[in-house]
Amino acid sequence: MGGTFNPIHYGHLVAAEVARDAFELERVIFVPAGQPPHKKPVIADAQHRYLMAFLATAANPWFELSRMEMDRPGPSYTSETLAHFHAQEPEALWYFITGADAVMEMPTWHAAADIFRHAEVIAASRPGYAVRIEHVTAALPAATGRVHQLEVPALAISSSAIRQRVARGWSVRYLVPDAVMQYIRKNRLYGSGP
Ligand code: ATP
Ligand code: MG
């Protein structure tokens, strides 16, 4: 599961956990983006995003965290990340977990067709976004038959809304794990005060 995770929140975590059950996944690897090609505005330092993802995932025996996009210089491309994982375990069936918004954007991604050579895609439902698989496959024929829809308990949570709340001095309790909330405050991320 890729993302900026700026910061990680319960929407990410529940999507991963529900995908794990529904697709009988052996494990879910969270891969925080290094330099996201689509997100130019200020994003928290990769190390902060990684550590928050660590705090949020460490207790789940099936969750893992990878530094591979963060440690690779230059922009992070999902196609290259999946090629890397696929090469590590070519016999495994790899899935890329996305939310409804991200899957609709996939036709615009760098080397998008390659993504489907290495993995199938799980498109998790997300409040406010509709998945139209036929729109994805019309723009990206390689996706045909390789995008699976997944219904997850709806959490209308986004990292952007969390950053806004923090900047206003509002609480993000129950939107992110407590340890992430405390980490944000301790490190004064997203404009949080002392
Ligand atoms: P931002 O608001 O900064 O874009 P975000 O909340 O969308 O942050 P990302 O790191 O961009 O989080 O998302 C990583 C992946 O998780 C994407 O595939 C996204 O669609 C999915 N995702 C994020 N939030 C949810 C949610 N509440 N429910 C289901 N999927 C989600
Ligand atoms: Mg997003």
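Numbers for residues simply follow the sequence, beginning at 1. The structure presented is a predicted model; accordingly, all values stated were derived computationally and were not measured. Whatever order the structure lists them in is the order used to number ligands and atoms, beginning at 1.
The backbone N or O of Met68 lies less than 3.5 Å from a partner atom in the side chain of Ser66, making a donor-acceptor pair. Checking side-chain atoms of Ser79 against main-chain N and O of Ile115 turns up no donor-acceptor pair under 3.5 Å. The backbone N or O of Val28 lies less than 3.5 Å from no partner atom in the side chain of Arg20, so there is not a single donor-acceptor pair.
Residue Ala124 has no nitrogen or oxygen atom sitting less than 3.5 Å from a nitrogen or oxygen atom of ligand 1, judged on distance alone. Between Ser159 and ligand 1, a contact under 3.5 Å exists for at least one N or O pair. Ligand 1 has a nitrogen or oxygen under 3.5 angstrom from a nitrogen or oxygen of Asp101. Annotation: Ile157 places an N or O atom under 3.5 Å from an N or O atom of ligand 1; distance criterion only. Any N or O atom pair closer than 3.5 Å counts here, and Val152 shares no such pair with ligand 1. Taking distance alone, with nitrogen or oxygen atoms compared against 3.5 Å, Gly99 approaches ligand 1 more closely than that limit.
Those atoms of ligand 1 with a heavy atom of Ser158 less than 4.0 angstrom away are 2 (O), 6 (O). For ligand 1, the atoms sitting less than 4.0 Å from at least one non-hydrogen atom of Ser160 are 1 (P), 2 (O), 3 (O), numbered in the order shown with element in parentheses. Annotation for ligand 1: atoms under 4.0 Å from non-hydrogen atoms of Thr98 are 18 (O). Distances below 4.0 Å separate heavy atoms of Met1 from the following atoms of ligand 1: 16 (O). Close contacts of ligand 1 with Gly3, meaning ligand atoms under 4.0 Å from a residue heavy atom, involve 10 (O), 14 (C). The distance from ligand 1 to the heavy atoms of Thr4 drops below 4.0 Å at these ligand atoms: 10 (O). The contact set between ligand 1 and Phe5, taken as ligand atoms under 4.0 Å from a residue heavy atom, comprises 10 (O).
Of the listed residues (Gln164, Arg49, Arg126, Arg163), the one carrying the non-hydrogen atom nearest atom 26 (C) of ligand 1 is Arg126.
No more than 12 heavy-atom neighbours from other residues, nucleotides or ligands sit within 6.0 angstrom of CD on Glu26. Counting heavy-atom neighbours within 6.0 Å of Phe54 CZ, excluding the residue itself, gives a total of 12 or less. Few gaps surround CD on Glu134; more than 12 heavy atoms of other groups in view lie less than 6.0 Å from it.
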Given Arg49 and Glu69, is the salt bridge (Lys or Arg N to Asp or Glu O under 4.0 Å) satisfied, shown in steps? CA-CA 12 Å; Arg49 292 185 287 110; Glu69 289 198 355; over 6 Å; no
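Ser158 and Arg126 share no donor-acceptor pair across their side chains, judged by distance under 3.5 Å alone.
Annotation for Val172 and Val166: closest pair CG1-CG2, 3.8 Å, computed over non-hydrogen atoms.
Annotation: the span from Leu82 atom CG to Trp94 atom CH2 amounts to 8.5 Å, rounded to 0.5 Å.
Contacts between Ala161 and ligand 1, counted as non-hydrogen atom pairs separated by less than 4.0 Å, are absent for every part of the residue.
Residue contacts with ligand 1: Ala33 is excluded, as none of its non-hydrogen atoms falls under 4.0 Å. A heavy-atom separation below 4.0 Å is found between Gly2 and ligand 1.
You'll find the ring centres of Phe30 and His12 outside the 6.0 Å limit.
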